[in-house]
Amino acid sequence: MAEALILRVAKLVDDFPEGGQLWGAGGELSELKKTFSFLQSIVPDAEKRRYRGPWEIDRWLWDVKDAFCDAEDLLEEWNLEVMQLRESPSKDEKLKQVIPSSCSPSEKPDLRLEMSARTKKIRERIEAVAAEGRDLGLRECAEDVRVERRERLDSCVYDEEIIGREDDKSAIMNFLLDSDTDEQISFFIIRGQSGIGKTALARCVYEDDMVKKHFDLRIWVCVGFSGFHSIEREVQKIRGRETIERADDEEQLRRYLLVIDDLQYVDPERWGSLKNLLMGGAQGSKILITTGDQSIADHTSTTPSYCIEALPKESSFDLLMKMACQEEEETRNPSKVKIGRQIVKMCDGIPLAIRMIGSLLFFKKTEAEWLHFEDEISELSADLLQLSYNHLPCHLKQFFAFCSFLWMAEGFILSIDNGDWDMEDIAHDYFMDLLGRNFFQDCVKDELGNVTSCRVHHLVNDLAHPVAGTEYGRIYHLQSHLEERTRHLSWYSTLHLSEGDPYIHGAYYLRTLIKTSQRKSSRCETQMGEETLRKFISSFKFLRALDLHDSGIEKLQSSICELKHLTFLDFSENEGIVRLPDSVTKMKTLQVLKLNMYFLLPGDDSCSKNCSGLGELNRLSNLRGSLRIEVKGEIADAVAESNAANLKEKDSLVSLVLVFARKESDEVLLKDLQPSLNLRSLEIRRYGGTRFPSWMSCMPKLVRLQLFDCAACKSLPSLGELTSLKHLEIGELPTVEYTESDIDTLLSLPNLSTLMIKRCPNLDWIPRLLRPSELKPPSFPLESLQTSFAPIEQVTGINDRVKEVIKLLAIEDDGGKPRMVGIHGTNGIGKTTIAKAVYNRISSCFDSCSFLTEIGDKVQNNGGIQLVQTKLICDILDRDCNVASFEGGIEFFLDVFSNIKALIVLDDVEEPSHLYDLVDTQLEWFGPGSRIIVTSENLGIFETYAERANIYEVNKMDNGRALEHFHKHASIPWYPEIGKRIVKAMGQVPFFIEVIGSLLHGKTIDDWRKMEDMIKLHSREILKDCREILKICYEALDEKQKQIFRDIAWFANGVDSQIASYMWPDLDLLPSYQVLMPLAKIGEDNKLRMHKLLKHLCRAVDQEEPIYHVKRRRLYINDPDLKVINEEEGMEVAEALCPDTFTETLPNVRFLKLDRASMTGNFADVFPKLRWLRWQGCPRDFEATELNLTELVILDLSWSKVTKDWGGWRKIKMEQLKVLNLTSCTDLLISPEFSSFPNLEILILERCSRLVHLDPSIGGLEKLLCLNLKSCTELNRLPAELGALKALKELLIDETSVHDIFLQSDLEEVEHLTSLSILSANNSKNITKLPSGVGAKLRRLSLRNCDWIQKLPKPIGQLGSPLEELDISGTCISELPGSFGNLQRLRVLKMHYCFIRKFPSFIWHLHSLEEIDASLCRNIEGDIPRDIGKLENLRILKLRNSAISSLPPEINHLSKLETLDVLRCDKLHELPALPPSLIIVHLSPKLKEKVSDLLMKKHCFITV
């Protein structure tokens, strides 16, 4: 600390020659500077030895500081007097005259004589301490005091990750999220020694997303020794209420989490009264307490405390190396590893010590420095924190001692050579440096990115006390004793300083006086009279910083100018101060002035004497923080006033508040009040203009925008470019309008988190408070969302159920006979969801897999069981076939099945016979290790399999999870009390919760109440018959939604959602999306899925309202009641359709199913509104005439006999056709001519196995979005005209014979396929390369088994690429280009059986990755880098058959990892600790023997 002071005094002597003359001329001055240099060189040694050497060293250091503080005071006083003379032209020749040092010349002698006398004494003191330093044997050493920026990134500084505490976190999370408790309020005590990580662990769970969702209110209180004052203040939040209309809905009780951190003292009586206050929360509220005292744990809770132990050695080492090393290579340096392990032993597993020592090592680059540091630790092992302090640069030592925001005013900031740095920037750098060294903790930032608070660990605070000594003091009560040498003082805000005289005024050399703040609601009123303030000013002439905020001061005296050294002055919150004395302008050293004042801009109708012109802002170029400008009345020359402010040049201004006078001139004024582009917050009130200026759309750093009471504005500014915007608040804009497209623009802003709207009548259709991240609804998919990897919808609590089912499957026993697990439960309980989640997680363990859905419904159709059997065979054998074409049916395949280890899911089985027909009665059709999962509500179907089947009973959700699941779907707005009652009435059934919750999403409180009343009315029936609750949902739909619901139930269930969407033109997606979520879902295969309960509901409704007409096994439709037919919207015909008996048209038929039927006769005007014609298996000959389908958008001719010359191409008029499906039209050798379908968007030619040529007219389909040529095995080239399809987004050429995708238009190179987002060419083995123009917009690229492809197009890796999935398995690609580091959206990376030689380093920075498959990449060897721990979203990691030799400990940080495959990794002999999230681990037998017990404890399932 003394070093920096010596350095400042030496600089003052150098910078001011007049001051140098005070110390003596010539040789004397030179000798004095040598003394300065000598003292500066021995102080570091004194600092190191002060606590373990003789006590004289500590006293000597204080003597040095006192001497140099007095020298600094003297020099600054002299320099101020000289500066005053220089600025006065009439006194240029009077520097050597007698200058009085106060306002009364007669009171003081000649200044030069006085200064010389004082100087002589100080010089003698300095020489004396230098001599004593020699006598004490202090060693000279060089110390670098330069100010340098840290190289470490802020992400390291703010890293909240905890290491080695996974089990502890899990225990606390289980307590917090446990809703199954009878106690209204539960306590959990975290106990452990200081520095063990109690607060860090509590903070980790406090910030967990699951915890945030679970509690209505979270409160964090750091107590320390301050007692219960701070807790009692926060309890008011727990009892907070929201005024609403109905008393029974009043939110009196909220489920809260209260964290009481660092509780060190308990008054039993006050604790009892406090516990009564804490009972104001809802059942399930939790209180988490951290303490180091067992007695406190005993006083505060009846349950045992949870003790945090020291970190294990390996976790300690990981933490040390993380803090000490910036590059991955450093962590593998053998010497540093060895030294690091020795250092860790001395830290005793205390995270605080490890972090501080690691941060210190960060600045030691070489192995020699590390080794030397190890020796120092050995010498000072008893006090590692002291060692951390010793290694601080001198400027940080002094700042650490002060430990306050006023370090800049105290001269603690050393100058820096970079002229672009302001003092505030350097000060911020100091703070960040100490934060990075862990001297500060729990740093909190506001929404603008500013650090608002931090905490000092009490162990570190204890270190600061002896460092600060008597130089720093605090006044907690009156008559506090202060040393004369005290120079920095803080006082409690409720004390009256006048009563402390003369105790306070004895500290004559005081430099800093700070008043500690309290909230106005809880503090005593402090009044400081004029006399007390006058005494302050006259007593403390050396003050540099004075903080008297909120002290009841009504007038600031002119004598304030006597504080000539003052650099920081805070008189804010003294509401009586309305103006400053003119003498303030004489305070030449003042840098910071804090007042509750703002600029009042006078208008023609206001009193100008109390107002200021904006011109006064012009020269304040360094203005920082916040500025408020209030306009009073009409401005005569608005342009001149706004330009005078020069706000655009004030780059350090963070927040701007503009309050106008609702005048016409406001528009001109605001236009030219453009602030700097660095502005972070903007608030505008009472604006009288009709529109906002264009500059508001170009503020790249704006985080918060507030617009209030702008009555004349009709539109908001364009906000699409405000990419940093997080919070937008709009209030009292009665005429403003905003379209849905404008809202879409807002929701597309990447950082927008809150949109708040108040009293804007034209915006009532938007909920008042939106969280855009939660709001964005699942829109109807106009683009295909097909993915090869899509996570199952996360139902609350599903992971625990999945693990239980997998445990029953016993998949690790893969050599035994096939087994069955039955998932049993009522309708809507979640059986299928659980089965699908299990299927997704374990399917990789089997040779073949099949998931057969809705078996109960399908087998009711004619030939239904054969269709299901056919699907099973096709899935297991991975090829097309039809069970009916084989003698003996499914049993024909048993010889093949018996050698296959299969996973089969049979969903919704209703009868035992269905099981017999699919898997036999003895489960012997399939190979060893096979597993069959069956879902059913009929428990009796499992009786035959009693010996080979386990039953998993799916029970309803507990209250807590049911409410959480309901909140997930209802979310915005949220009325918790009504929600609880609705959930209870629904019996905690997940499906009903989803349906009702989704219907209430975005609805008003009145809608919620109506739903509650309806459910209460039928509550008994609901629990008995689920149809009642679904009927309630149906009645809540509007007519458009009801139509879509029926359409899906009758003919769109199981259909690709992209295709089905064309049935509903001009669909208003935002208000209608609910019909998709509660009444139908889009599955992983992008197909619409409707629960069977809803399909049954639809049929029941249609019995009352017949809309769809189905005729089976009849030659013709010939209903005598033509009136009924004319009202039909859907028709199904089994054999033939003939219009001869129709006397009028069928105007309402929109869907027509004619599978394998013929059409003959004249159909003029029969189907004017037909939109979807499904004519699968249509005959070769087309016999219908006048078939004008002007509204037709979907034509499905799958499995038909059509050819290029089929008559329907010419005779059916269908200009609006959007979708043409020709799947498996095996007679099609040449595609039809496409010019008749100019609006075609989807063309499907999948499995047209004899197709050899695409007609060139395909190049004219300008609107084509998707071209599906999968399994067109004879197709060996694509027409060059495809290059003209600039709208094309999906190109699927899997299993074709295409050689190259070389596309040209008119024989000239074109920028082709610029919109392509999905390109799939799996098993197209002839392709050798991809065109260079492909890649800029790709979301999914799949090239599996394209043997000849050796590299990828460069545009794929360009900055901002949207690529999400990449599959290069089975290709010849040997490396991924470095540009792939830009693929920040990449979720899936598959490179199975590739020639990749090593993992590129950039992979570990692709934080969106969920799956990595590098199986059979035999060239990948060695260690997996430690950076894998950064892939926080990784769920699947497959390294099977690779040559890797180790996995790093950081793999334990992958909290979402579910599958790990290291089977047949023969060089891998050990495993580190694995994350508890794992469900499936594939290991070699030898490795399994080593880790089996460990993994089983984590409910992990192992296969070999």
Worksheet item: Is it true that the side chains of Asp1196 and Gln1176 contain a donor and an acceptor less than 3.5 Å apart?
Response: yes
Worksheet item: Any side-chain heavy-atom pair from Leu915 and Val934 closer than 4.5 angstrom?
Response: yes
Practice prompt. Over all heavy atoms of both residues, which pair between Ile1048 and Met1090 is shortest? Give the atoms and the distance, please.
Written response: CG2-CE, 3.6 Å
Worksheet item: In this structure, are over 12 heavy atoms from other groups packed under 6.0 Å from Lys871 atom NZ?
Response: yes
Fill in: Charged N-O contact under 4.0 Å between Lys1092 and Glu854
no
Item to complete: List the steps and the verdict of salt bridge (charged side-chain N to carboxylate O under 4.0 Å, His left out) for Lys1087 and Asp1056.
Response: CA-CA 4 Å; Lys1087 293 182 179 179; Asp1056 187 286; over 6 Å; no
Worksheet item: Do the non-hydrogen side-chain atoms of Leu1478 and Glu1458 ever get within less than 4.5 Å of each other?
Response: no
Worksheet item: Relative to the ring of Phe1151, is the ring of Phe1051 parallel (under 30°), tilted (30 to 60°) or perpendicular (over 60°)?
Response: parallel
Fill in: Criterion salt bridge (charged side-chain N to carboxylate O under 4.0 Å, His left out) on Glu924 and Arg948, from CA distance to verdict
CA-CA 11 Å; Glu924 293 181 350; Arg948 304 285 292 279; 5.0 Å; no
Worksheet entry | Gln860, CD atom: more than 12 neighbouring heavy atoms under 6.0 Å | yes
Worksheet item: Does the pair Asn899 and Asp847 meet the rule for a side-chain contact (heavy atoms from CB on, under 4.5 Å), with working shown?
Response: CA-CA 10 Å; Asn899 294 314; Asp847 301 328; over 6 Å; no
Worksheet entry | Non-hydrogen atoms of Ile951 and Leu808 that approach each other most closely | O-CD1, 4.1 Å
Item to complete: May I ask you to test the Val954-Ile834 pair for a side-chain heavy-atom distance under 4.5 Å?
Response: yes
Discussion item. Can you confirm whether Val821 sits close enough to Val805 that some side-chain heavy atom of one is under 4.5 Å from a side-chain heavy atom of the other?
Written reply: yes
Discussion item. Using 30° and 60° as the class boundaries, would you call the ring planes of Tyr916 and Tyr945 parallel, tilted or perpendicular?
Written reply: tilted
Worksheet item: Do we see a donor-acceptor contact under 3.5 Å between the side chains of Thr935 and Asp907?
Response: yes
Item to complete: State whether Phe851 and Lys836 meet the cation-pi test: NZ (Lys) or CZ (Arg) under 6.0 Å from the six-membered ring centroid, and within 45° of the perpendicular axis.
Response: yes
Discussion item. Between Ser936 and Asn938, do the side chains contain a donor N or O and an acceptor N or O under 3.5 Å apart?
Written reply: no
Worksheet item: Do the non-hydrogen side-chain atoms of Cys849 and Ser843 ever get within less than 4.5 Å of each other?
Response: yes
Worksheet item: Are Cys845 and Ile1480 side-chain neighbours, meaning at least one heavy-atom pair lies under 4.5 Å?
Response: yes
Worksheet entry | Arg1174 and Leu1152: CA distance, side-chain angles, deciding distance, side-chain contact (heavy atoms from CB on, under 4.5 Å) verdict | CA-CA 6 Å; Arg1174 173 174 157 171; Leu1152 178 61; over 6 Å; no
Practice prompt. Taking the six-membered ring for Trp and the single ring otherwise, decide whether the centroids of His824 and Tyr952 are under 6.0 Å apart.
Written response: no
Fill in: Test item: side-chain donor near acceptor, Trp1064 and Asp1047, under 3.5 Å
yes
